[in-house]
Asker: 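Just passing along the structure, written as structure tokens.
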Number of protein chains: 4
Amino acid sequence: MARKIDPEQHEGKRQEILAAAHRCFLRNGLQGASISMICKEAGMSPGHLYHYFPSKEAIIEQMADDYLAALHGHFGGHGKETPTATVLLSELWSMSGWDDLSHCRILFELLAEAGRNPRIHAILRDNTDGIRDLLTATLATGQARGEVDPSLDPRHTSAVLVAVLDAAPMLPLMTDGLDFEESRKLITTMISRFLRPQP
Amino acid sequence: MARKIDPEQHEGKRQEILAAAHRCFLRNGLQGASISMICKEAGMSPGHLYHYFPSKEAIIEQMADDYLAALHGHFGGHGKETPTATVLLSELWSMSGWDDLSHCRILFELLAEAGRNPRIHAILRDNTDGIRDLLTATLATGQARGEVDPSLDPRHTSAVLVAVLDAAPMLPLMTDGLDFEESRKLITTMISRFLRPQP
Amino acid sequence: MARKIDPEQHEGKRQEILAAAHRCFLRNGLQGASISMICKEAGMSPGHLYHYFPSKEAIIEQMADDYLAALHGHFGGHGKETPTATVLLSELWSMSGWDDLSHCRILFELLAEAGRNPRIHAILRDNTDGIRDLLTATLATGQARGEVDPSLDPRHTSAVLVAVLDAAPMLPLMTDGLDFEESRKLITTMISRFLRPQP
Amino acid sequence: MARKIDPEQHEGKRQEILAAAHRCFLRNGLQGASISMICKEAGMSPGHLYHYFPSKEAIIEQMADDYLAALHGHFGGHGKETPTATVLLSELWSMSGWDDLSHCRILFELLAEAGRNPRIHAILRDNTDGIRDLLTATLATGQARGEVDPSLDPRHTSAVLVAVLDAAPMLPLMTDGLDFEESRKLITTMISRFLRPQP
DNA sequence: TATGAATGAGGGTTCATTCAT
DNA sequence: GATGAATGAACCCTCATTCAT
């Protein structure tokens, strides 16, 4: 009897390729990273790589999807009781991964690509929608509890909050010798003052 | 008999090339836009283009410099008396160019590139420094006038403000059917609440 | 316990592969059809396919042999008494398969390949020899009966007849909106006038 | 002042490439001949070749067009007075190029390709139409002069004649040690008996 | 028997760049 | 100043084939 495909092993290889691709994209950009580069990084021949992904585009899209899901996925684990917005936001900054911002540069690759590639645009939008839904609900709850300014539209506000959040990786790129911890506090302060009920 | 080169005409050609390159970069990305593409867009042969720029890299760098200078240059025209921070910020949003955000996508190309290209990184940093100096001074003046929260460190705060400003073009990419005018108001509100003296 | 290979089943698989290959070659040409394509068409893995054929070349050669044998094999079933040449020829056109000429395009693949591949050349020649032998004998019989022009050399004439026969599939490729039935009649007329005793 | 493109030199290079491609196609087939092979044959780098042709497909199509025009083009030079059909046909066989049939194998490549590539199909059809028009007119004239069987439909007959003509290169491929001169005479006899008025 | 993993050379094509004119 | 000829490495991807299971 012939061996059927082992889905676990297959998926494992896919993940290896995606991880290798992620590293290459980080080093050289989405277009600058070549398939042969990714193959070398993954210890794999080009022919074999195409056994797991039909095209470079597919690798980019899967990587984008996974990356954005991971980036925004830290919010999902807070359990049943939704925290107030301010608490939630303050927790954002403590999430793992933000400590090493370098890997966040891929976000800019994706933003750039999204402007001209409809599929990447859709992936970005869909992944953003997920976290916006959560933020919108959290803001509404906060408003009901009197912890968030009720005059702010939750839906619109959620978009601004995500943008501000994702803008943080800009800071080390734009400024030299940045004290990121200090900037983190400032952004937290800004959001806190933004959201809280006005006198 | 031989004509000396006319510096003005020479500079004019350079500008034409840079404008053509900008359009190509916008359409295809920094790496996706090819020299021959730029040549076609500029109505010029490759040999001739290399008369004005020594390499594609040089075109990208010059374009980056010009673009960032223009993007952040709107603040320079306010004359002698520095406006208060809040007024300044509110004016940011009325600056020409923000109406059509599409051209801002190049910013993300540059942010992505800056992460792996030290020369682009330097150009980005230097151009950001200029506006940060201005913002820092404005914030300090605002604090002296009692219009800005004196507990905010002007230098750090300027970095956050620039990041928030540059994050705005993310919004249309991340969200579908965005009401950008509404978002603009929200960001203005956020900054205003952030900066104003706390009770 | 181990099953011995079943020669019948083995041959059955080979036929399946050859049929799948034939369809692929028809769609994409001998070189344009890939092994993986043939595998998909045959519902088989590449490793398994190589269990039945040692190489793609072997598949092509076997397919060529089978195809030519089938193409020219319609003449074999006429029993003991050889028909006169004219009758034989008129029957050629009623043979099954000529109604759908599309599958005959493979003949041109083989002719093209035969020009540079000695093995295909040999297969083509050998298969043609078979039908030429039959035609030669038929022509000689016809001459003996006074139904065929005795001045025609039977051996040379048989080659021309086969060529004319195999040229028929060119017609739909070369002319638009061809009335193939009409052309069939014309060719029959041509051969009939060619062969019959001259006054 | 810059040198404008020299159309003659440009066309000359194109012809060189086409000639090199023709030789490669003859040796290895349309799909078997690679661009790098053609480049080597033409003494040219791949980048440069693509300066003259946008794709391999374009090379094939141009080659096909030129080849078929040359193959069928020998009929054009007969001047004003159309010869009778029999004379015309007899002249076909004396045309230069038929002596070396090897280059005619490309015809089979084109026939095979025409079956699955609509553009090659169109090129083949269009080129065949040209010679069919001439043959049709010649046949009609021959009928008016009483030299051609008036019961033959000139249009349909022209198609059959072209097919028979183009089938000639099959003979050396199909038969071993062929006396091509003898076959030529046989085909001429066949056509002559086919066309002449019946008693 | 039968599978899919695995290879690496080669496919067509584009690239940034240089050079003679 | 300005052109288009010319390069050859590298691009993404597919190929026929082998091998462990």
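Each chain gets a letter, A, B and so on, in the order its sequence line appears, and its residues count up from 1. Just so you know, these numbers use all the heavy atoms, side chains as well, and skip hydrogens, waters and symmetry mates.
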Asker: Please list, for nucleotides 12-15 of chain E, all pairs of protein and nucleotide N/O atoms separated by less than 3.5 Å.
Answerer:
residue, atom, partner, partner atom, Å
dG12(E), OP1, Ala33(D), O, 3.4
dG12(E), OP1, Ile35(D), N, 3.4
dG12(E), OP1, Lys56(D), NZ, 2.9
dG12(E), OP2, Ile35(D), N, 2.7
dT13(E), OP2, Tyr50(D), OH, 2.2
dT13(E), OP2, Lys56(D), N, 2.7
dT13(E), O5', Tyr50(D), OH, 3.0

Asker: Report the residue from Met63(A), Glu61(A), Arg14(A) that forms a side-chain contact (heavy atoms from CB on, under 4.5 Å) with Phe53(A).
Answerer: Arg14(A)

Asker: Ignoring hydrogens, what is the shortest heavy-atom contact between Ile38(A) and Ile17(A)? Give both atom names and the distance.
Answerer: CG2-O, 4.4 Å

Asker: Between P on dC11(F) and CD1 on Ile60(A), what's the gap in Å once rounded to a whole number?
Answerer: 14 Å

Asker: Anything below 3.5 Å on both distances counts as a pair; with that, list the stems of at least three consecutive Watson-Crick or G-U pairs involving DNA chain E.
Answerer: E:2-21 with F:2-21

Asker: Please report the distance, rounded to the nearest Å, between CD1 in Ile17(B) and P in dG1(F).
Answerer: 11 Å

Asker: Rounded to whole angstrom units, what separation is found between the NZ atom of Lys40(C) and the P atom of dC15(F)?
Answerer: 8 Å

Asker: Charged N to carboxylate O below 4.0 Å: is that the case for Glu41(C) and Arg27(C)?
Answerer: yes

Asker: Side-chain N or O of Lys13(A) less than 4.0 angstrom from OP1 or OP2 on dA6(E)?
Answerer: yes

Asker: From NE2 of His10(A) over to C1' of dA6(E), roughly how many Å is that when rounded to an integer?
Answerer: 13 Å

Asker: Just how far, in rounded Å, is P of dG4(E) from NE2 of His51(C)?
Answerer: 16 Å

Asker: Where does the angle between the aromatic ring planes of Phe108(D) and Phe108(C) fall among parallel (under 30°), tilted (30 to 60°) and perpendicular (over 60°)?
Answerer: parallel

Asker: Leu49(C) has an atom CG; how far is it from atom C1' of dT1(E), in whole Å?
Answerer: 14 Å

Asker: On a heavy-atom basis, which atom in Gly32(C) and which in Gln31(D) lie closest, and how many Å separate them?
Answerer: CA-OE1, 3.3 Å

Asker: Would Leu18(B) and Gln15(B) satisfy side-chain contact (heavy atoms from CB on, under 4.5 Å), going step by step from the backbone distance to the final call?
Answerer: CA-CA 5 Å; Leu18(B) 288 170; Gln15(B) 291 306 323; 4.1 Å; yes

Asker: I'd like to know whether CZ of Arg119(B) has more than 12 heavy-atom contacts from other residues, nucleotides or ligands below 6.0 angstrom.
Answerer: no

Asker: Where each residue is assigned the nucleotide of DNA chain E containing its nearest heavy atom, which of Tyr52(C) and Gln9(A) is assigned the position nearer the 5′ end?
Answerer: Tyr52(C)

Asker: On the 0 to 90° scale, with breaks at 30° and 60°, tag the His48(D)-Tyr52(D) ring pair as parallel, tilted or perpendicular.
Answerer: perpendicular

Asker: If we only count heavy atoms from C-beta on, is the His51(C) to Lys13(C) side-chain gap below 4.5 Å?
Answerer: no

